[in-house]
Amino acid sequence: MQKTKTLFDVIGPVIIGPSSSHTAGAVRLGLLAGKIYGEKPKNVKFILYNSFAKTGKGHGTDKGLLGGVLGLNVDDERIKNAYEIAKNEGIEYEFEFREDYNRHPNAVDIEFEAPVKMKVSGNSLGAGEVVINKINGYSFNINGDFPTLVLIYRDKPGMVYRVSALIQHQDVNIATMHCDRNAKGEEASMGICLDSPLPDYVIKELQKIDEIYLIRNIEAIEEWKK
Amino acid sequence: MEKIESFEDLVKLSESSGKRIYQICEESEAENFEISVQIVRERVKYNLDAMKNAINLGLNSKEKSLSGLCGDDCAKLKAHYEHGTTLFSKNYQKVILYALATIEQNIRMGKIVACPTAGSCGIVPGVIIALSEAVNAPEQVQINALLTAGMIGEIISRKVALAGAVAGCQGECGVAAAMAAGALVEIYNGTASQIVQAAVLTLKNIMGFVCDPVAGLVEVPCVKRNAFLAINAVTAAELAMAGIKSVIPPDEVVDAMQQVGQLMSPQLKESSEAGLATTKTGLEITERLSRQWGLSVE
C-alpha cells in the first residue's frame, strides 16, 4: 500500500543528500531494521546488492544504512559521521558488496549477529520510499509510512483472529495485513500496518500470549513533527 | 474542493474562484490530510528555512564530495564575483550562487530539501530565495512562492515521473526549473495563467534532457546543471510576465514531455550506460572510484 501523495513529496522531504534512493532510502531501511531488531546491536553486517553496491560508497549508502541502524533519521546531519558514532558506541560493523540480478537493484541484507541473530532484508524503491520484505526468512511488507505491528509466533489456529480482535477492540483500524509461515508450518509471521498507533495495552495483552515470541510495535517514520 | 487534474483545471479554478494558485494548493493539501491551512504553511516554512540554511552553509564551504569530483564550484564563483568582472546584476549572480551552494551541500551529505529530487535541489531555492531577497519579499510571500512551485510539480507528476530513471533529467532538473519559474511569477504577483505559462515555457526548453551521471553519482553533470536551469527558470518567468505564451497549450506540453521521456533509451535514464558516463574520462573516473572504494562486485 502506498501512502497518499503529498505536496511535501514534491517540495520535500528534507533529507541528507546526495540521493533520495541511495542515501535517504538507505537511512530509512537502516532505521526500520534497527527498530525491528529492537535493541542495540553489538555487531551488524550489511550486504549491498547491485546499484547499492556499485554506487553506494559515492552516495553514502553505507553511512546511511549504519546511521539508520543507530537511530538517526533521514534529515540527521550526523549521518555523515555514522562510522565514528558506531565506534564510540562500541558497535562493530562490516560491509559487503555483491552482484545478484535476482535481487532488486537497490537491495540490502542487514545481518545482526549479537546479542541475538536476526536478518532483515529490504529494497530502496526510489524517491526515498523503501520496503522491508524479509525478517528472518519470513516475508513482510513494511514501508515505515504507517505504525506497524510485527509478530513472529508458533503457528496455531485462531492466532490471526486473536490478534486482530485485540486491535479492533481498541478502535484502531488495520490498513493492511501480511501473513507468512515457514516451510514446516510450525512458525508464522504477521505484519500489520495500522491507521493509528497501538496503545501500550494491546502490546501488554499480546505479551501474555505464550505462542508469540517476537513483538515489535514500530512507529511510522515521520520526517516532520509539529 | 474540485479535483485538479491538469493545468487547465488549475487556471480555470483560479479564475472562477478568484483564488491564487498557492491558496488552491494549501487548501487542497489541508483537505486531503485533514489538517489546517496554518499547519500546511508552517511545514512549508520549515522547508523554506531548511533551504536557507543549506544556502548559508553551502556559500561558506569548499568541502569536496565523497568522490572528490565536485564541491568547490560555488566557492570559485563567489570569489569571481568578489574580485572578477561580470556584466550581470547582483540578482543574476545570487541565483546561480545559491543554486550551486545548495546542490553542493547535497553532494557533501548536507541537509537539503529534495525539490522535487535531491539531484535538482538547488534550482527552486536558487530562484525563490535569491529573488525574494532582491525584492525584500516578506516570509509569507516566500511561502506562497514555494506552495506555487509545489502545485506545479504536483500537476506535472500526475503524468511524468519525477525520476531520472523514468523521465530522464526532464523529470528532475527540468521539473524543478518549471516549479521555480512559476514561483518567481508568484513573487511578481503574476496571474495564474502567467504562472502556468512560465512553467510550461521552461518545460519546452528541457525536452529530451538525458540523465547520464558519471559513475552513477549525483555530481557530473548534475551540480552545474542546477545553476543553468535556475537561469532557464528566470528567463521563462520574464517571458511569461511579458504576456508571452506557449503556442502549444500547457497540458499538451506535459503530454509531449511524458512521451519524450518514454521514447528516450533506458541507457540515457540514470543507468550511466551512455552519454557523459561512458566518455573516455567518464569511464576512467568510474574505474578509479571502484578501485578506491574496493568495489570488486563484477
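Order of the sequence lines sets the chain letters (A, B, ...), proteins ahead of strands, with each chain counted from 1. Keep in mind that what you see is a predicted model, and the values were worked out from it rather than measured.
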For this session: Indicate the atoms forming the closest heavy-atom contact of A/Ser20 with B/Ala118, along with that distance.
Result: N-CB, 4.0 Å

For this session: Give the minimum heavy-atom separation between A/His59 and B/Leu217, together with the two atoms involved.
Result: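 So the minimum-distance heavy-atom pair works out to NE2-CA, 3.5 Å.
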
Exercise. With a 4.5 Å limit on heavy-atom distance, are the side chains of B/Leu66 and A/Lys57 in contact?
Worked result: no

Problem set entry | Sub-4.5 Å side-chain heavy-atom contact between B/Glu219 and A/Pro18 | no

Contacting moiety of [X], where chain A heavy atoms sit under 4.5 Å:
X: B/Val44; answer: both
X: B/Ala50; answer: side chain
X: B/Thr117; answer: neither
X: B/Ile35; answer: neither
X: B/Val124; answer: neither
X: B/Cys121; answer: neither

For this session: Determine which residues belonging to residues 141-156 of chain B lie within contact range of chain A, meaning some heavy atom pair is under 4.5 Å apart, and list them by number or answer 'none'.
Result: B/Leu146, B/Leu147, B/Ala149, B/Gly150, B/Met151, B/Gly153, B/Glu154

Exercise. Which residues in residues 100-107 of chain B have a heavy atom less than 4.5 Å from any heavy atom of chain A?
Worked result: B/Asn106, B/Ile107

For this session: Determine the sole option in B/Asp49, B/Ile112, B/Asn53, B/Val113 for which the side-chain contact (heavy atoms from CB on, under 4.5 Å) test with A/Val14 is passed.
Result: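 One option only clears the test, and that one is B/Val113.
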
For this session: Indicate yes or no for a side-chain donor-acceptor contact from B/Asn32 to the backbone of A/Thr6 under 3.5 Å, with no hydrogens or angles considered.
Result: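 Not confirmed, B/Asn32 side chain does not pair with A/Thr6 backbone.
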
Under 6.0 Å from the [atom1] atom of [X], do we count more than 12 heavy atoms belonging to anything else shown?
X: B/Lys64; atom1: NZ; value: yes
X: A/Glu89; atom1: CD; value: yes
X: A/Asp171; atom1: CG; value: no
X: A/Tyr83; atom1: OH; value: yes

Problem set entry | Region of A/Ser19 in contact with chain B, defined by heavy-atom distances below 4.5 Å | both

For this session: Would you mind telling me which of B/Ser157, B/Gly68, B/Gly110, B/Ser67 has the largest number of heavy-atom pairs within less than 4.5 Å of chain A?
Result: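 Among B/Ser157, B/Gly68, B/Gly110, B/Ser67, the one with the most close pairs to chain A is B/Gly110.
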
For this session: Could you tell me which of B/Arg43, B/Lys111, B/Glu29 has the largest number of non-hydrogen atom pairs under 4.5 Å with chain A?
Result: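 Ranked by contacts with chain A, first place is B/Arg43.
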
Problem set entry | Evaluation steps, side chain to side chain contact (heavy atoms under 4.5 Å, CB included), between B/Glu26 and A/Leu7 | CA-CA 9 Å; B/Glu26 67 193 10; A/Leu7 168 71; over 6 Å; no

For this session: Can you measure from CG (A/Asp75) to OH (B/Tyr46) and round to the nearest 0.5 angstrom?
Result: 4.5 Å

For this session: Hey, could you give me the SG/CZ distance between B/Cys115 and A/Phe8, rounded to the nearest 0.5 Å?
Result: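 Nearest 0.5 Å value for the SG-CZ distance: 11.0 Å.
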
Problem set entry | Residue, of A/Ile15, A/Asp100, A/Thr55, that accumulates the most heavy atom pairs under 4.5 Å with chain B | A/Ile15

